[in-house]
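Reckoned from all heavy atoms, side chains included, excluding hydrogens, waters and symmetry mates.
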Amino acid sequence: MSEFNKDDYLNDLPDADELAAGQVAPEDGAGEAQPESNNDAQSSEAQGEQRPNEEPATPEEGEEADSVDGKLTPLGQAKKEAAEYLEALQRERAEFINYRNRTKKDMERARQQGIIDVLAAELPALDDIDRIREHGGEMDESFQAVAAKIDKAFEKFGVEKFGVKGEDFDPTRHDAILHKPDPQAEKATVDTVVEAGYRIGDRVIRAARVVVASPQE
């Protein structure tokens, strides 16, 4: 057995600087570099690259694009036509509602005008009945019944009779044929009703013709 020589052993060891630079590989294979393929695969995955054996993502089953290369598919064309039909239907519905509302207003105006025409034709007779009542004329039971029916008939169609002695004078409802000074009057009031007034709702058909008692100046 040869004698151990410390200097020879030290000389055979690799230089520390060379080991640090990676120029000399350790004899036992420790620290062996990993294959480059793993690093390349990891890099590709990190960058979101698609592998050759992977297929691109496709729409889920049952889904279909509305257009392909700028042209409508049958499904896209059907959707377009459905939207057009819906728009046309909504437009027709709005026009029908407007027409129905106009028709209702026209019918109501025609109905009201018919009532006004009948009332205007009957005014002279109604005035005669009022004069008989006002002046205490005798009216038999049959005549009273007919007069009451006429009043009820006009009330049924919304005709309102107005003009009562003692009520405040209103130039929008009363036609003053005479102003009579009254020392006891504090404001203008109806003293005598010559002809009663008639209205339908807020529309005055005929103003009441009255004599007005006015305060003395």
I'd like a table of donor-acceptor pairs (distance under 3.5 Å, sequence neighbours excluded) in which one partner is a side-chain atom from residues 105-112, with atom names and distances.
residue, atom, partner, partner atom, Å
D106, OD1, R109, NH2, 2.4
Q112, OE1, R203, NH1, 3.2

**Fill in**
In short, P181 meets H179 closest at the heavy-atom pair CD-O, 3.8 Å
Only distances under 3.5 Å count here; give the side-chain donor-acceptor pairs of residues 93-101 to other protein atoms, sequence neighbours excluded, each with its distance to 0.1 Å.
residue, atom, partner, partner atom, Å
N98, ND2, A94, O, 3.3
N101, ND2, I97, O, 3.3

**Fill in**
By side chain to side chain contact (heavy atoms under 4.5 Å, CB included), D117 pairs with (sequence neighbours left out) Q113
Can I get a per-line list of side-chain donor-acceptor pairs under 3.5 Å for residues 150-159, giving both atom names and the distance, sequence neighbours left out?
residue, atom, partner, partner atom, Å
D151, OD2, R133, NH1, 3.4
D151, OD2, R133, NH2, 3.4

**Request:** Treat each ILVMFWY residue as a node, draw an edge where side-chain heavy atoms are under 4.5 Å apart, and state whether Y198 and I115 are in one component.
**Result:** yes
**Asked** Does V194 have any side chain to side chain contact (heavy atoms under 4.5 Å, CB included) partners at least two apart in sequence or in another chain, and if so, which?
**Response** I177, R209, V211
**Asked** Does the side chain of D191 come within less than 4.5 Å of K165's, by heavy atoms?
**Response** yes
**Asked** Which pair of non-hydrogen atoms, one from A185 and one from A213, has the smallest distance, and what is that distance?
**Response** CB-O, 4.3 Å
**Asked** In the hydrophobic cluster built from side-chain contacts under 4.5 Å, what are the other members alongside V190?
**Response** F169, V193, V210, V212
**Message:** Using 0.5 Å steps for rounding, measure from the NZ atom of K161 to the CG atom of L119.
**Reply:** 11.0 Å
**Item:** CG-CD distance between D202 and E160, expressed to the nearest 0.5 angstrom
**Value:** 9.5 Å
**Prompt:** For the residue pair G197 and A208, what are the closest heavy atoms and their distance?
**Reply:** N-CB, 3.5 Å
**Asked** Donor-acceptor pair, R131 side chain versus E195 backbone, under 3.5 Å?
**Response** no
**Message:** Between V146 and L123, is there shared hydrophobic-cluster membership here, with clusters defined by ILVMFWY side-chain heavy atoms closer than 4.5 Å?
**Reply:** yes
**Request:** Flag yes if L126 and I200 sit in one hydrophobic cluster, no otherwise; membership is Ile, Leu, Val, Met, Phe, Trp, Tyr, and two members link when side-chain heavy atoms are under 4.5 Å apart.
**Result:** yes
**Request:** Work out which heavy atom in D168 is nearest to a heavy atom in H174; give both atom names and the distance.
**Result:** O-CE1, 3.2 Å
**Message:** If you compare all heavy atoms of D130 against all heavy atoms of A196, which two are closest, and at what distance to 0.1 Å?
**Reply:** OD2-CB, 4.0 Å
**Over all atoms of both residues, closest heavy-atom pair of A120 and P124** = O-CD, 3.9 Å
**Over 12 non-hydrogen atoms of neighbours within 6.0 angstrom of CD in Q184** = no
